[in-house]
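Shown next, in structure tokens, is the structure this report addresses.
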Amino acid sequence: MPAQRLMPDDDAQDLIDLTRAICAERLAPRVDAAEAAHEFPKDTFALLGRSGLLSLPYPEEHGGMGQPYEVYLQVVEEIASVWMSVAVGVSVHSLTMFPLDRFGTDEQKRTLLEPMLGGDQLGAYCLSELRAGSDVASMTTRATPSADGSSWRIKGSKAWISHAGHADYYTTFARTSDDGGRGISCFIVPADADGLVFAEPERKMGLHCDTVSQIHFEDVEVSGDRLVGAVGQGLPIALAALDSGRLGIAAAATGLAQGALDLAVSYAKDRVQFGRPIADNQGLAFLLADMEAAVMSARATYLHAARLKDAGRPVGRAASVAKLIATDAAMRVTTDAVQVLGGAGYTTDFPAERYMREAKVTQIFEGTNQIQRLVISRDLLKETS
Ligand SMILES: Cc1cc2nc3c(=O)[nH]c(=O)nc-3n(C[C@H](O)[C@H](O)[C@H](O)COP(=O)(O)OP(=O)(O)OC[C@H]3O[C@@H](n4cnc5c(N)ncnc54)[C@H](O)[C@@H]3O)c2cc1C
């Protein structure tokens, strides 16, 4: 059953209707085979880009759709209820454009951001390293300026990069001095840059259509105009981007949980044991009720954070709460969906087991849920001390 939504206006409702139509006609028929084949759905991203769904929360003056976050996130949720890898990809792509939109010069917005917002280009976000995961400020990938200051040479390796080898550009964070968190800068690296080497994709538990691998930067040269923001401003840029990105993951996790709930409800109404549908047992019906409560709570927390963001209010703590609540809800709801389907839930004949595998990573990426608790508690204690 489609989630009940109160959209702010008719245009926003049209976007939801468009998303549902694309999901039903173009995504749903492909998802099972594509996930089984570990196929990167570049053509699906192109389709979403042409439909305007890759640039929803960015300003119209640069080619975006100018939609509030409240609307963008509900589109992500709708996509996730059908194809989680694609929803995560939309969220990652949106993250890659944040630095240019917020910190880029007018010239960079015209030359770099506009083609990205046009929907033809897909981005990747290169922050994590093998030895710098939760502690990103300990990164060692280094960018060194040329003698005349006109370019930078990037050397080092990034890890766990979604869309690696398929993206058209790489939003990359690298160390420009040894001054800890103040010594990191942000660059936009084109996919065809010499020295960009992609490792074999990681063999993951789920999200098989989201190709993830290490990327080695072997003296990759980028021109000076691809530095975003000031030298040394990279970490604040990355963290601000993640505040928005975490909301994308919260919305995707909510959609995944909604998909699992819908499957569980329909199975419970059809499956007969002891002469009646299993849904007629209160023990099982109450499990479904708890799943519905978890999905609705997840949606409410991310929408609250989105509305704060749309109103220009600080959103860091609320975004971390939304990511924590929605991804924990997704883990619980997808696990319970497998239970509702019994043995069938443990087979690949139904997508319940895939939903459960996909939910796990939402508690890990874009800051683990332990790190979300760190962000929330630090902000809370700062306010009350
Ligand atoms: C499928 C996938 C896609 C990804 N895509 C991207 C991407 O596109 N771009 C990108 O840059 N990164 C990406 N990542 C990386 C992801 O963001 C990191 O995996 C994540 O931040 C955790 O880092 P880590 O794996 O090194 O874990 P670690 O930091 O080593 O953490 C291990 C454990 O220790 C806990 N821990 C660590 N520090 C603390 C602390 N201070 N207090 C309490 N507990 C703590 C963690 O919560 C976790 O449980 C992706 C990861 C995956 C799995």
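Every number for a ligand or one of its atoms is a count from 1 in the order of the listing.
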Any salt bridge between [X] and [Y], counting N to O under 4.0 Å?
X	Y	result
Lys323	Glu366	no
Glu129	Arg175	no
Lys42	Asp168	yes
Asp290	Arg332	no
Asp178	Arg142	yes
Lys382	Asp379	yes

For residues [X] and [Y], establish whether the separation of their ring centroids is below 6.0 Å.
X	Y	value
Phe173	Tyr125	yes
Tyr170	Phe217	no
His163	Phe45	yes

- Task: For Ser320 and Val375, work out which heavy atoms get closest and say how close.
- Result: OG-CG1, 3.4 Å
- Side chains of Trp83 and Cys209: closer than 4.5 Å at any heavy-atom pair? yes
- Item | Where ligand 1 meets Lys204 - atom numbers and elements under 4.0 angstrom, heavy-atom basis |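 Counting atoms of ligand 1 from 1, those under 4.0 Å from Lys204 are 1 (C).
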- Message: Need the ligand 1 atom indices (1-based, order shown) with element for anything under 4.0 Å from a heavy-atom of Val361.
- Response: 1 (C), 53 (C)
Looking at [atom], would you say a protein heavy atom lies below 4.0 Å from it?
atom	answer
atom 32 (C) of ligand 1	no
atom 26 (O) of ligand 1	yes
atom 35 (C) of ligand 1	no

Closest protein heavy atom (residue, atom, distance) for [atom]:
atom	answer
atom 10 (C) of ligand 1	Ser128 OG, 3.3 Å
atom 39 (C) of ligand 1	Ile371 CD1, 4.0 Å
atom 17 (O) of ligand 1	Glu366 N, 3.5 Å
atom 24 (P) of ligand 1	Gly133 CA, 4.0 Å
atom 2 (C) of ligand 1	Phe365 CD2, 3.7 Å

Can you figure out which of [options] has its heavy atom closest to [atom]?
atom	options	result
atom 5 (N) of ligand 1	Trp160, Tyr170, Tyr125	Trp160
atom 47 (O) of ligand 1	Ile364, Val136, Thr368, Thr172	Thr368
atom 28 (P) of ligand 1	Ala238, Ser134, Ala132	Ser134

- Record the part of Leu127 in heavy-atom contact with ligand 1 below 4.0 Å; permitted values are side chain, backbone, both and neither. both
- Message: Test of understanding: given a 4.0 Å heavy-atom threshold, classify the contact between Lys158 and ligand 1 as side chain, backbone, both, or neither.
- Response: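 Under 4.0 Å from ligand 1, Lys158 contributes no heavy atoms.
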- Not counting sequence neighbours, which residues clear salt bridge (charged side-chain N to carboxylate O under 4.0 Å, His left out) with Arg373? List them please.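 Partners of Arg373 by the salt bridge (charged side-chain N to carboxylate O under 4.0 Å, His left out) criterion, ordered by chain and then number, come out as Asp328.
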- Task: Check if Leu207 has a non-hydrogen atom at a distance under 4.0 Å from any atom of ligand 1.
- Result: no
Any nitrogen or oxygen of [X] lying under 3.5 Å from a nitrogen or oxygen in ligand 1? Just yes or no.
X	answer
Ser162	yes
Gln370	yes
Asp210	no

